[in-house]
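Convention: sequence-line order gives letters A, B, ...; per-chain numbering from 1.
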Number of protein chains: 2
Amino acid sequence: MNRRPVTLIDVARAANVSIATVSRALSFPHKVSPETLGRIERTIEALGYVANGSARALASRRSRTIGALIPSLDNPSFATTVHALQRALGEAGYTVLLACHEFDPAAERRLARTLIERGVDGLVLLGTEHEPEVYALIERFRLPYVLTWALEEGGRHTCIGFDNRAAAARLTEHLLALGHRELAMISGMTANNERARERALGVREALRRSGVALDPGRFVEVPYTLQSGRDGLAQVIGQSPRPTAVICGNDLLAIGAIAECHARGLGVPEDVSVTGFDDMEIAAMLSPGLTTMHFPTQELGDLAAQQILRAIAGETVPARQELAVRLVVRGTTAPPRRGAES
Amino acid sequence: MNRRPVTLIDVARAANVSIATVSRALSFPHKVSPETLGRIERTIEALGYVANGSARALASRRSRTIGALIPSLDNPSFATTVHALQRALGEAGYTVLLACHEFDPAAERRLARTLIERGVDGLVLLGTEHEPEVYALIERFRLPYVLTWALEEGGRHTCIGFDNRAAAARLTEHLLALGHRELAMISGMTANNERARERALGVREALRRSGVALDPGRFVEVPYTLQSGRDGLAQVIGQSPRPTAVICGNDLLAIGAIAECHARGLGVPEDVSVTGFDDMEIAAMLSPGLTTMHFPTQELGDLAAQQILRAIAGETVPARQELAVRLVVRGTTAPPRRGAES
DNA sequence: TTGTAAGCGTTATCAC
DNA sequence: GTGATAACGCTTACAA
């Protein structure tokens, strides 16, 4: 029994050709005569040859590997995007190297470096805001990359994502149009997170435009967890007058907030109109009348894959691609009549 | 401006040592004199040297890379496990190569091959049931691996996971003990999925032991999606007499089922006791009185990481490691009194 | 169409 | 402790 893995040389010997020909058969089948090709393929099958990617990468300077640098996989929306990304890249022969920095800039620096060491051909980053060191590395290695989920104004980086600020503003305007005046927001942590920051900003701007105030007590900033959603709701709901609408930074926060409303005997959206961003499919199940801002997270993964593949191929890619978000109105969410409040 | 990446040779030249010494400084710092080490480190910093992983992998036959072969990232439970896995492996200097086969055996074969081509040092598979070809490849390359989420009886493969059958049986027995006699199950697709199959089997066995029948109309097999949960509930709830308890194959199905109950004006768990497996944190928010079987999915990822690292290091690893699941009883879920049913 | 051979950037085995 | 140097398995001009 042979311990040594089968190499190109073995295949070449067995097929009576040079290793160059075998290599060509693998990379450019059309550049090899049909007979030779057939013989080589049969030999490969017979010997069970599996190419050595490291050697390939070393010689060709391409690893057929793409790095995905994201905050976390615990956010189902990110998971969906990464899944779609992996699927699309896989079909193109690329494998995804996963790296989660958990919103820690130092971790992100470290991981970016590691991904580059691993020889990724391209990088898909989540978010537009990154450490200078990260951008410097990418720059120095001339690594094709694409920023996702958010959009960057400067035009310095190619990005594909959502206009988080506009989405938040639109959702807020919708609530205002319905007559809500007492609004609150349960935001995600805005540090190192331009998505959360943009959403908060969008809400604030829309309110300002309408001359509606957002009391400090009605804006809480919490991590993206279910429990934080509950806690956040508990905080803002205590304000007087009670908010009639609560905007949540993402799915998880909204789900937690709705649960807390239920726990307090508050109907959603009859008593409190809870709203939020991202997928919100589950949240809508929790509360069928929900109005939400839906982000096509899967489509984002697919398009990001196309984008990075194009960039690798040296094709020009749109510097800024915005994905449309959709306001999903599932029921009437007008504020409860005055006087009916606690 | 230099287009060529900085190599070991550049570092060696600049530091006035041989490349061997630089290599050593990187891999075995203690085997290099402090002065030399310092000089080399400073040079590396100054030149911005980043190691070439492909070359490293080719020469050392180790890529510092682990493959994660899973069904999907759209299942939040899997995402959590992969996240934990990535985190733990990252701390040990390993990077995760992600591959989702979406329950397609052909895709799994293809992906397993690709991961091996990429030179992964080890493989973490989700589930115990895999194509013979997958096992053959692993075998041929003597690739350290670990199966996760489920447990394998034969002892042929090292695995770490949950006893899905026992968990299902335990949950069922709990329901029976509460007095439920009219049970139904919304199962995941059992083909190529021993987790779903084991859970279904556990339910069936527990029922058989208690002499309770499970009508064919009360067992539906559906994909793991929210909508399937709704549809599944719609199907089983139509049976007469109406089931008093519905066991769902996983989180997503349970959430969908609960939503459908709500839509039908059925209280959960007052009218119908919906239960399920996996994380169930969200499901419990939907319906605070829920009784669920909680699987420590994050811990699984952590432990799987330790396991595969040990295997790579050549240490002996326990062939079979079972993670305890926890029955979480959040409220009384006795069946509604007879006659109160529709 | 096929073969020859020079790398690709490391690691690791020897000497010194 | 350090330095030559032969692999590692493949790609890719360049020749034939």
Side-chain angles (χ1 to χ4, degrees), chain A residues 2-41 43-44 47-65 93 114 116-121 141, chain B residues 2-41 43-44 47-65 93 114 116-121 141:
Chain A
N2 196 358
R3 307 211 137 249
R4 186 174 54 72
V6 179
T7 72
L8 255 200
I9 300 182
D10 300 319
V11 176
R13 245 199 288 274
N16 252 301
V17 292
S18 72
I19 62 169
T21 303
V22 181
S23 176
R24 269 184 230 112
L26 253 29
S27 302
F28 314 96
H30 62 280
K31 288 197 165 190
V32 171
S33 82
E35 309 92 286
T36 316
L37 182 57
R39 187 150 35 93
I40 291 175
E41 282 173 340
T43 311
I44 285 178
L47 298 185
Y49 169 74
V50 174
N52 180 321
S54 304
R56 237 145 121 101
L58 179 58
S60 68
R61 306 164 156 286
R62 301 186 314 138
S63 65
R64 296 246 148 215
T65 267
T114 304
I116 292 180
E117 279 194 354
R118 298 289 178 266
V120 293
D121 293 339
F141 282 84
Chain B
N2 196 358
R3 308 213 135 249
R4 185 175 55 71
V6 179
T7 71
L8 257 199
I9 299 182
D10 300 319
V11 176
R13 245 199 289 274
N16 253 301
V17 291
S18 72
I19 60 168
T21 303
V22 181
S23 176
R24 267 184 234 113
L26 253 30
S27 303
F28 314 96
H30 61 280
K31 289 197 166 191
V32 171
S33 81
E35 309 91 286
T36 316
L37 182 58
R39 187 151 34 92
I40 291 175
E41 282 172 341
T43 311
I44 285 178
L47 298 184
Y49 168 74
V50 174
N52 181 320
S54 303
R56 238 146 123 101
L58 179 59
S60 68
R61 305 165 156 287
R62 301 186 313 138
S63 65
R64 296 245 148 216
T65 266
T114 304
I116 292 180
E117 279 194 355
R118 297 289 178 265
V120 292
D121 292 339
F141 282 84

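- Between B:Tyr49 and B:Val22, the closest side-chain pair of non-hydrogen atoms is not below 4.5 Å.
- Within residues 31-39 of chain A, no residue has a heavy atom under 4.0 Å from DNA chain D.
- Straight-line distance from the CZ atom of B:Phe28 to the C1' atom of C:dT10: 13 Å, rounded to whole Å.
- Rounded to 10 degrees, the angle separating the terminal axes of the helix from C:dT1-D:dA16 to C:dC16-D:dG1 is 30°, with each axis obtained from five end pairs.
- Comparing C:dG3, D:dC10, C:dT11 against the side chain of A:Ala20 picks out C:dG3 as the nearest.
- For the pair A:Ile44 CD1 and D:dG9 P, the interatomic distance rounds to 16 Å; values are reported in whole Å.
- A:Leu26 is listed as a side-chain neighbour of A:Arg56, based on a closest heavy-atom distance under 4.5 Å.
- Remark: P of C:dG3 and CZ of A:Arg13 are 14 Å apart, rounded to the nearest angstrom.
- Between B:Ser18 and D:dG3 there is a side-chain polar atom (N or O) within less than 4.0 angstrom of OP1 or OP2.
- The minimum heavy-atom distance linking A:Ala25 with A:Leu37 is given by the pair CB-CD1, 3.8 Å.
- In this structure A:Thr7 satisfies the side-chain hydrogen bond (donor to acceptor under 3.5 Å, both in side chains) test together with A:Asp10, sequence neighbours excluded.
- Taking the side chain as every heavy atom from C-beta outward, A:Arg39 and A:Asn16 approach each other to under 4.5 Å.
- Between B:Arg61 atom CZ and C:dG9 atom C1' there is a gap of 16 Å when expressed in whole angstrom units.
- For C:dT11, one of the phosphate oxygens OP1 or OP2 lies less than 4.0 angstrom from a side-chain nitrogen or oxygen of B:Ser23.
- In this structure, CG of A:Asn16 is placed 13 Å from C1' of C:dT2, rounded to the nearest angstrom.
- A:Leu8 is listed as a side-chain neighbour of A:Ser23, based on a closest heavy-atom distance under 4.5 Å.
- Of all heavy-atom pairs between B:Thr21 and B:Val32, the closest is O-CG2, 4.1 Å.
- Remark: the backbone N or O of B:Ala57 is not paired with any side-chain donor or acceptor of A:Ser54 at under 3.5 angstrom.
- Nearest-nucleotide mapping onto DNA chain D: of A:Arg62 and A:Ser54, the residue sitting toward the 5' end is A:Ser54.
- C:dT10 atom P lies 16 Å from atom CZ of B:Arg64, rounded to whole Å.
- Taking atom OH on B:Tyr49 and atom C1' on C:dG9, their separation rounds to 7 Å, with Å as the unit.
- A heavy-atom distance below 4.5 Å is not found between the side chains of B:Thr65 and B:Arg118.
- Residue side chain A:Arg4 does not reach the base of D:dG9 through any donor-acceptor N/O pair under 3.5 Å, judged by distance alone.
- When distances run from any side-chain atom of B:Arg24 to the nucleotides C:dG7, C:dG9, D:dG3, the shortest one goes to D:dG3.
- Here the rule is side chain to side chain contact (heavy atoms under 4.5 Å, CB included) with A:Ile44, and of A:Val50, A:Val6, A:Val11 only A:Val11 fits it.
- Look at CD1 on A:Ile19: it is 13 Å from P on D:dT12, rounded to the nearest Å.
- The side chain of A:Leu58 sits closest to D:dG9 out of D:dG9, D:dC10, C:dT11.
- For C:dT11, one of the phosphate oxygens OP1 or OP2 lies less than 4.0 angstrom from a side-chain nitrogen or oxygen of B:Arg56.
- Between B:Thr21 and A:Ala55, the one whose closest nucleotide on DNA chain D sits nearer the 5' end is B:Thr21.
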